[in-house]
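Report on one structure; see the data block that follows.
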Amino acid sequence: MKSVSKSIIRSALLLSLFAITGTALVAVTYDNTYQRIADNERDYLLRNLHQLVPPALHDNDMYIDAIQIVLPERFGAKAPLTVYRARKDGEPVAAIMTTVAPDGYSGNIKLLVAVYFDGTLAGVRVVNHRETPGLGDAIEVERSDWIRGFDGRSLGNPGISGWRVKKDGGEFDQFTGATITPRAVVKSVYQSLQYFNTHRELLFRPNIAAVAGTPASVDDDSDDSEHHND
Amino acid sequence: MSTEIQYRKITNDGLWHNNVALVQILGLCPLLAVTSTVINGLGLGIATLLTVVLSNVIVSTIRHHVKPEVRIPVFVLIIASVVTAIELAMSAYFYELFKVLGIFIPLIVTNCAILGRAEAFASKNSVKASLVDGLSMGIGFALVLVVLGALREALGMGTLFANAQLMFGELGHAMTITLIDEYRGFLLAILPPGAFIGLGLLIAVKNAMDEKRSCKGVKVPISAR
């Protein structure tokens with residue numbers, strides 16, 4: 001009986017020894033790489049943002065000048081979205097919103113929607129999607145110029161009936177064999193523009209940690225009192 | 001002399017006769033999921049190779065000290081720690097490739113081929129033999145990933161080494177080979193069914209080659225793929 005418990009204890013000690021060693025290995029690796037990984041993440045993000053708003057147009061650090069926004073449910077995003085702001089000499093230049101088109105052919109399409117302060121689109125890029133390769137993935141800028149068709153557009157250009165794919169009577173091309181994907185992107189970009197236009201001052205307000213919006217009151221600015229200033 | 005023969009057998013087993021992907025049919029989840037291009041296959045292949053070598057060496061080093069009752073949890077702990085360290089290193093040095101391979105790097109932990117080698121080989125053999133075994137098993141697996149990736153990429157997109165810049169930096173842009181200009185693409189090859197069909201074809205080719213080789217008397221030249 002005693003030898004059994006002794007053997008259990010030995011096994012337990014052995015296991016904990018390996019657990020400690022393994023954790024130590026991971027901790028040491030983490031310690032040696034986390035700075036570099038953080039730099040990588042920052043570089044990667046800035047490179048994406050600068051595709052939309054070139055470095056010459058702003059002088060602030062967009063990586064730091066960002067706010068989190070909780071969007072109402074109809075935007076399809078459950079998690080708070082990040083908005084990066086470009087400023088020059090303290091004046092707002094553009095906002096880059098990380099929005100999600102929830103109704104793609106295979107789930108969410110993550111987008112960067114960049115809007116100049118006057119409400120025209122600086123551009124749109126797809127960050128992440130699971131659309132069908134060879135069909136829906138033409139929304140990637142590496143595969144086709146389709147996504148560049150948003151450059152310079154705004155809420156009034158085209159008018160509300162033009163913000164659809166051609167099949168639905170709008171101005172944006174669909175792809176051969178894939179209509180759902182471009183439809184989802186066009187819809188999401190339009191909604192982002194709407195949000196930008198109604199909440200522009202809010203989007204550029206400095207030092208906001210979190211902006212809360214409720215579905216009922218998102219379209220008027222009376223809910224500003226609910227937003228938390230940091 | 002006899003040890004040399006033994007090492008040659010270990011190498012041949014890993015690369016061909018007992019190949020992880022083609023004969024043991026292990027680690028299929030990452031194999032089928034990431035092999036849509038050569039570079040993806042190569043990236044996961046190298047990460048898996050590193051993992052199996054490190055885990056084999058560590059398991060073999062401690063093989064006399066681990067009690068049989070707890071050996072499996074110990075092996076899993078070792079493999080998980082090694083993979084996490086590799087994942088961190090990869091996101092530090094090959095960030096964009098890491099983003100492409102995504103979840104499949106941490107999932108190397110669940111690649112049963114690695115636990116299989118630890119249990120079936122490394123826990124019973126010397127460190128040196130385990131090192132050779134890990135190397136040849138890992139290379140054998142990586143080769144299948146690369147060949148399958150090449151097959152699917154060539155058929156599906158008409159290119160080879162697309163996105164090589166993810167791994168080789170600026171040099172990679174020059175590495176991309178366009179086999180067919182204005183190729184419309186063969187969607188099936190890129191989608192998951194293409195992976196299953198491609199792997200099936202590779203296994204069939206291997207078996208056919210083995211069969212030909214074992215035919216006595218008739219000497220048939222074997223062109224290696």
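Proteins come first, then strands; the chains are lettered A, B, ... in the order of their sequence lines, and each starts at number 1.
- Distance check, rounded to the nearest 0.5 Å: CG of A:Asp31 to CG of B:Leu88 gives 11.0 Å.
- Scanning all heavy atoms of the two residues, the minimum distance from B:Ser81 to A:Val26 falls at O-CG2, 3.8 Å.
- Residues B:Val66 and A:Phe18 have side chains in contact (heavy-atom distance under 4.5 Å, counting atoms from C-beta outward).
- At a threshold of 4.5 Å between non-hydrogen side-chain atoms, the residues A:Ser7 and B:Glu69 count as touching.
- With A:Asn40 contributing its side chain and B:Tyr95 its backbone, the two residues share no donor-acceptor pair below 3.5 Å.
- The number of heavy-atom neighbours closer than 6.0 Å to NZ of B:Lys206, taken from other residues, nucleotides and ligands shown, is above 12.
- Between A:Arg47 and B:Glu96 there is a salt bridge, with a side-chain nitrogen of the basic residue lying less than 4.0 Å from a carboxylate oxygen of the acidic one.
- At a 4.5 Å heavy-atom cutoff, the contact between A:Leu15 and chain B is made by backbone and side-chain atoms alike.
- Heavy atoms closer than 4.5 Å to chain B are found in both the backbone and the side chain of A:Glu41.
- The two residues A:Thr33 and B:Ala89 come nearest to each other via the heavy atoms CG2-CA, 4.3 Å.
- Looking at B:Leu191, only its side chain comes within 4.5 Å of chain A, counting heavy atoms on both sides.
- Contact count against chain B (heavy-atom pairs under 4.5 Å) is highest for A:Gly22 among A:Ala27, A:Gly22, A:Ala24.
- Contact annotation for B:Ile62: only side-chain heavy atoms (C-beta onward) come within less than 4.5 Å of a heavy atom of chain A.
- Under a cut-off of 6.0 angstrom, the local environment of CZ in A:Phe117 is crowded, with over 12 non-hydrogen atoms contributed by other residues, nucleotides or ligands.
- The environment of B:Phe94 atom CZ is sparse: at most 12 non-hydrogen atoms of other residues, nucleotides or ligands sit within 6.0 angstrom.
- Residue B:Lys128 places its NZ atom among 12 or fewer non-hydrogen atoms of other residues, nucleotides or ligands, all under 6.0 Å distant.
- The choice from A:Leu135, A:Asp39, A:Ile37 that makes the most heavy-atom pairs within less than 4.5 Å of chain B is A:Ile37.
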What pairs of donor and acceptor atoms, side-chain ones from residues 70-77 of chain B against any protein atom, are under 3.5 angstrom apart with sequence neighbours left out?
from: B:Arg71; atom 1: NE; to: B:Glu119; atom 2: OE1; distance (Å): 2.8
from: B:Arg71; atom 1: NE; to: B:Glu119; atom 2: OE2; distance (Å): 3.3
from: B:Arg71; atom 1: NH1; to: B:Pro68; atom 2: O; distance (Å): 3.0
from: B:Arg71; atom 1: NH2; to: B:Glu119; atom 2: OE2; distance (Å): 2.8

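- Residue A:Arg10 qualifies as open at atom CZ: its count of foreign heavy atoms under 6.0 Å is 12 or below.
- When every heavy atom of A:Arg36 is checked against every heavy atom of B:Ala92, the shortest pair comes out as NE-O, 2.9 Å.
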